[in-house]
Amino acid sequence: MTNVSNTASHEIHWADPARQQAFAAWLAAVAPAHGLQPETVRSASADASFRRYFRVDAVQGGAKGSFIIMDAPPDKEDCRPFVAVDRLLDAGGVNVPHILAWDEPRGFMLLSDLGEHTFLSTLEATDYEHAPASANRARYLAAIDELVRLQGVAQGEGAQALPPYDDALLQRELDLFPEWYVNKLRGQVLTPQQQTQLTQVFALIKAQVLSQPTVLVHRDYHSRNLMADPADPKARPGVIDFQDAVWGPATYDLVSLLRDAYVIWDEDIQLDYAVRYWEKARKAGVPLSSDFGEFWRDVEWMGLQRHLKVLGIFARLALRDGKKQYLDDIPRVWTYAHRVASRYQGLGPLAHLLEQAEAAHGGTQTQVGYTF
């Protein structure tokens, strides 16, 4: 879920009249039990998939509130992973939406409403050279606490039954980088030597990542997938978009939060938050290295794998799916990837390839500081 609007129900676009009718029939059927007011249905958000979200007002026992409706066409979206992970996290005390009704054959779901404001929308802009505003700090610490709670769920058998973040999945994700970012977006064709070097770099990355301790991984724990209370920076964030959860490296979700594709912080600030996470997580029993230097290296390598994947995904969203807005986020992701590739032995060819791709494009302006 991303940005929220107050579009009236009649303005919601339905490409398929039959689905629109099915939605109206479903909504009419579930409305009485939850006090829903069907005439208030409006767009809440859309994401990078085929899922859409609507918000609907409700009145129960004189109390007013709202709910979220997920519209996920079954021929395009499988809701079962979402339901399984939601129930797992909900049982573990993580602040996720409660599933109140689910029409599996038709792909409609009624959920509790975690609020209209994303974590990103509540952050306060601050200069790159200075510490973040106190409200920002409180929000990040609350997000870290919720992440530690989420990773605690990983101690249960249900979490370990999730798909593994194994070599094959890591490789599929890494392959998005040369196919979509290097070739299709930047128009670069790898030479045989570059292909060999990239294969070697990928092997190094996978070996380092696969050696890390494992937990439940949300896989998109960042500022657009956390819902925040604008009035209370210390409030627990709501966690959404967790349907792709896996069992994998313990550093993945932290790097998603601290090296977000949508906001970039000075590394001193990243380190400060990482230290606080590391201390809290170890105290809670999350299996992390007892040496912070080793842990931070794990964060950097995991982040590199994620950012190479994201470069490919953003290029694919722009080129294949027509979602050009993701091109605006590429400079931040490129900066993260290039910094790490320039730091560690064996990653030089990757740093050079990143530079070459952007030089052919006209050069990426490295974005630093707090940006939207």
Side-chain angles (χ1 to χ4, degrees), residues 1-3 45-53 72 76-78 81-82 85 118-120 163 165-188 190 198 201-202 205-206 209 217-226 240-246 248-249 251-264 299-341 350 353-354 357-358 361 364 367 371-372:
M1 297 168 66
T2 54
N3 298 324
S45 74
D47 59 25
S49 70
F50 291 98
R51 290 183 297 272
R52 295 194 299 174
Y53 298 91
K76 296 183 174 67
E77 294 290 337
D78 182 0
F82 175 91
V85 179
T118 64
F119 185 96
L120 178 62
Y165 216 155
D166 55 15
D167 185 282
L169 179 53
L170 289 167
Q171 186 63 52
R172 286 198 301 273
E173 293 181 341
L174 287 167
D175 286 341
L176 296 170
F177 169 72
E179 178 184 359
W180 286 96
Y181 169 75
V182 176
N183 182 260
K184 293 183 178 179
L185 182 65
R186 297 304 187 223
Q188 300 295 292
L190 297 181
L198 193 59
V201 165
F202 284 176
I205 294 172
K206 289 188 297 177
V209 166
V217 179
H218 178 291
R219 259 178 111 195
D220 261 324
Y221 195 86
H222 59 67
S223 64
R224 287 186 175 178
N225 286 335
L226 298 174
I240 62 173
D241 206 21
F242 40 72
Q243 61 279 346
D244 294 326
V246 293
T251 59
Y252 191 96
D253 286 336
L254 180 70
V255 81
S256 300
L257 178 66
L258 300 187
R259 293 186 174 174
D260 194 330
Y262 311 107
V263 56
I264 191 165
V299 170
E300 294 235 276
W301 282 77
M302 186 73 260
L304 179 60
Q305 190 276 343
R306 173 173 169 79
H307 293 126
L308 293 176
K309 171 186 74 171
V310 171
L311 285 172
I313 289 175
F314 283 2
R316 185 174 67 184
L317 285 168
L319 299 176
R320 187 191 69 183
D321 303 334
K323 298 181 179 182
K324 304 294 185 183
Q325 66 269 27
Y326 286 95
L327 295 177
D328 295 336
D329 302 311
I330 281 181
R332 281 186 292 273
V333 183
W334 183 95
T335 297
Y336 289 132
H338 185 258
R339 283 179 179 173
V340 174
L350 175 60
L353 178 59
L354 285 163
E358 288 307 304
H361 173 59
T364 283
Q367 297 196 20
T371 57
F372 284 104

Nearest-0.5 Å distance that lies between atom NE2 in H222 and atom CG in L257
10.0 Å
Electrostatic pair R332-D329, nearest N-O below 4.0 angstrom
yes
Are the side chain of D241 and the backbone of N225 linked by a donor-acceptor contact shorter than 3.5 Å?
no
Do the side chains of L185 and L311 get nearer than 4.5 Å, heavy atoms only?
no
N183 side chain vs P178 backbone, donor-acceptor pair below 3.5 Å
no
One should read off an interatomic distance between K76 NZ and R51 CZ, to the nearest 0.5 angstrom, of 13.5 Å
V209 side chain near L170 side chain, heavy-atom distance below 4.5 Å:
yes
Partner set under side chain to side chain contact (heavy atoms under 4.5 Å, CB included) for D244, not counting sequence neighbours:
R219
Pairing residues for D167 by the salt bridge (charged side-chain N to carboxylate O under 4.0 Å, His left out) criterion, not counting sequence neighbours
K206
For the residue pair P163 and A245, what are the closest heavy atoms and their distance?
CD-O, 3.9 Å
Grab the two heavy atoms, one from V263 and one from S223, that are nearest each other, plus how far apart they are.
CG1-OG, 4.4 Å
Any non-hydrogen side-chain atom of D220 less than 4.5 Å from a side-chain atom of F242?
no
How many angstroms lie between atom CZ of R306 and atom CG of D253, to the nearest 0.5 angstrom?
8.5 Å
Under 4.5 Å between any side-chain heavy atoms of F202 and D175, yes or no?
yes
Would V182 and L190 count as a side chain to side chain contact (heavy atoms under 4.5 Å, CB included) if you check the C-alpha gap in whole Å, the side-chain angles of each, and the deciding distance to 0.1 Å?
CA-CA 8 Å; V182 176; L190 297 181; 4.0 Å; yes
Who pairs with Y221 by side chain to side chain donor-acceptor pair (under 3.5 Å), at least two apart in sequence or on another chain?
none
Donor-acceptor under 3.5 Å (H218 side chain, Q243 main chain):
no
Under the criterion side chain to side chain contact (heavy atoms under 4.5 Å, CB included), I'd like the reasoning laid out for L258 against L254: C-alpha separation, chi angles, the key distance, then a yes or no.
CA-CA 6 Å; L258 300 187; L254 180 70; 3.8 Å; yes
Taking every non-hydrogen atom, the tightest pair across W180 and A315:
O-CB, 3.4 Å
Can you check whether Y336 reaches V310 side chain to side chain, under 4.5 Å on heavy atoms?
no
Non-neighbouring partners of Y165 that pass ring pair (Phe, Tyr, Trp, His ring centres under 6.0 Å), sequence neighbours left out:
Y252
Sorted by chain and number, sequence neighbours left out, side chain to side chain contact (heavy atoms under 4.5 Å, CB included) with A318 holds for K324, L327
Using atom types as modelled and distance alone, determine if a side-chain donor or acceptor of H307 lies under 3.5 Å from a backbone N or O of G303.
yes
For the residue pair E77 and A72, what are the closest heavy atoms and their distance?
CB-CB, 3.9 Å
Validation row: Y262, V333 side chains within 4.5 angstrom (heavy atoms):
no
Test item: I240 and Y53 side chains (from C-beta on) under 4.5 Å apart, heavy atoms
no
As an exercise, state the distance from NE2 of H361 to CH2 of W334, rounded to the nearest 0.5 Å.
11.5 Å
Go through the structure and list residues passing salt bridge (charged side-chain N to carboxylate O under 4.0 Å, His left out) with R259, not counting sequence neighbours.
E267, E300
Separation between CZ (R316) and CG (L319), nearest 0.5 Å, reads 11.0 Å
Check A357 against Q188 and note the closest heavy-atom contact, atom names and distance.
CA-CG, 4.1 Å
With side chains defined as the heavy atoms from C-beta onward, is the minimum distance between I205 and L308 less than 4.5 Å?
yes
Could you check whether any side-chain N or O of Y326 sits under 3.5 Å from a backbone N or O of I313, counting only pairs where one atom can act as donor and the other as acceptor?
no
